[in-house]
Number of protein chains: 2
Amino acid sequence: MLDYKESLKQHGLKNSKQRNLLIKLLSNADGIMTAEEIYLALKKQEEKINLSTVYRILEAFVEKGLVVKSTFPSSNTCVFTLKHLEHSHHLICLKCKKTVSLPHCPLKEFEHSIEKETNFNITDHNLELYGYCNNCK
Amino acid sequence: MLDYKESLKQHGLKNSKQRNLLIKLLSNADGIMTAEEIYLALKKQEEKINLSTVYRILEAFVEKGLVVKSTFPSSNTCVFTLKHLEHSHHLICLKCKKTVSLPHCPLKEFEHSIEKETNFNITDHNLELYGYCNNCK
DNA sequence: AATGCAAATGCAAATCGTTTGCATTTTTAA
DNA sequence: TTAAAAATGCAAACGATTTGCATTTGCATT
């Protein structure tokens, strides 16, 4: 339902076949994917794309705030998700990788009190919840 | 003040010179360190140690729950901290890497309600807060 | 204290994920 | 339509981490 071209333009990103494919894939996938998974998924669709292009596109998307990059625990592979309009976090199944977005961020008020206590200026946080989904548990 | 040998034994880990050095370093460092930082710090102390040994020791410590492994955002290097007795999280300065432990985990009650809503079985979570400390901001 | 076995270590090479340089192609704006 | 700028493909480089194997160490037993 989204116009991917529009979405790219809005984020100050040049339009290209590969970028459209990638953003479309991510929004259909509705979950987290590694660069390689993205690459393979697009290959499977008989699309011409290169792994380094995937990385470069993801990097651009992250920089423009279109995509969030994080890391699966006990792994050194990065995973990527489309960023929701509102700041949110994910609950991720350790077995099948199914993900659910949390309805709200539980840290908002918490951060304020921590800032006061510690005298830090908090700019960011990383939160992912892990477990097993209904089917896998 | 801790007996590192005892601590290793308690965790079912064989005692060795390198393991003692590493656990001692981590507990004095009182913060997060990369494998390489640990390696270099021990080298500096004129200790004989190898980078792959550092990795192997850290892996063993993580497996036994003595150490927590996580990832600095926008980097693909793992960082390690001694695990506190109580479950806790860190506030990390993006500039100087100074860390502060949060007094309690803000997710405890939250997880229960999420489990009910989503039908997931939550087993773990990853939370780190980032910002700038008093000196660096 | 000496012995033997399993586990830990050092070293070098392999591996994995990610990034980069450069030639070619595509996009965009004039 | 064309020129300039940016994006892509490809191969090679890179950095972090892991692995295979020979050697050393820790530890239980004599």
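Just so it is clear, the model here is predicted, and its values are computed rather than measured. Numbered from 1 within each chain, the chains take letters A, B, ... in sequence-line order.
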Original post:
Do the charged groups of B/K17 and B/E47 touch, with an N to O distance under 4.0 Å?
Top reply: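 A salt bridge links B/K17 with B/E47.
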
**OP:** Could you go through the side-chain contact (heavy atoms from CB on, under 4.5 Å) check for B/L91 and B/Y130 one step at a time?
**Re:** CA-CA 6 Å; B/L91 173 52; B/Y130 299 95; over 6 Å; no

Original post:
Do B/R19 and D/dG26 share a donor-acceptor pair, side chain to base, under 3.5 Å?
Top reply: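 Per atom types, no contact qualifies.
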
Original post:
Passes side-chain contact (heavy atoms from CB on, under 4.5 Å), A/T123 versus B/Y132? Steps please.
Top reply: CA-CA 8 Å; A/T123 57; B/Y132 296 95; 3.8 Å; yes

Nearest-Å distance, [atom1] ([X]) to [atom2] ([N])?
X     : N      : atom1 : atom2 : value
A/E47 : D/dG9  : CD    : P     : 11 Å
B/N50 : D/dT25 : CG    : P     : 14 Å
A/K48 : C/dT25 : NZ    : C1'   : 8 Å
B/L42 : C/dG10 : CG    : C1'   : 15 Å
B/N20 : D/dT25 : CG    : P     : 15 Å
A/Y55 : C/dT18 : OH    : P     : 3 Å
A/L8  : C/dT27 : CG    : P     : 12 Å
A/I38 : D/dT8  : CD1   : P     : 14 Å

Return the nearest nucleotide to the side chain of [X]; candidates are [options].
X     : options                : value
B/R56 : D/dA16, D/dC21, D/dC27 : D/dC21
B/C78 : D/dT17, C/dT18, C/dT9  : D/dT17
B/I57 : C/dT9, D/dG9, D/dT8    : C/dT9
B/K14 : D/dT17, C/dA7, D/dT8   : C/dA7
A/S52 : C/dT20, D/dT17, D/dG26 : C/dT20

Any strand counts, and the cut-off is 3.5 Å on both contacts for Watson-Crick or G-U wobble. Which nucleotide pairs with [N]?
N      : value
C/dA6  : D/dT25
C/dG17 : D/dC14
D/dT30 : C/dA1

Original post:
Side-chain N or O of B/S16 less than 4.0 angstrom from OP1 or OP2 on D/dT25?
Top reply: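 It does not, given that no N or O in the side chain of B/S16 lies less than 4.0 Å from OP1 or OP2 of D/dT25.
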
Original post:
Under 4.0 Å between a side-chain N or O of B/N76 and OP1 or OP2 of D/dA16?
Top reply: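 No.
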
Original post:
Contact class for A/L51 vs. all strands (heavy atom < 4.0 Å): base, sugar-phosphate, or nothing?
Top reply: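 Touches a base.
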
Original post:
Which part of the nucleic acid, if any, lies within contact of B/Q18, taking any heavy atom under 4.0 Å across all strands shown: a base, the sugar-phosphate backbone alone, or nothing?
Top reply: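 Sugar-phosphate contact only.
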
**OP:** Could you walk me through whether A/H89 and B/H125 pass the ring pair (Phe, Tyr, Trp, His ring centres under 6.0 Å) test, one step at a time?
**Re:** CA-CA 11 Å; A/H89 300 290; B/H125 62 248; over 10 Å; no

**OP:** Scan side-chain atoms only and decide if A/N126 and B/N126 contain a donor-acceptor pair under the 3.5 Å cut-off.
**Re:**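 The answer is no; no qualifying pair exists.
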
**OP:** Please tell me which of B/N15 and B/E36 maps to the more 5' nucleotide of DNA chain D, matching each residue to the nucleotide holding its nearest heavy atom.
**Re:**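 Final value for this comparison: B/E36.
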
Original post:
B/I92 and B/L102: same hydrophobic cluster, using ILVMFWY side-chain contacts below 4.5 Å?
Top reply: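 Different clusters.
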
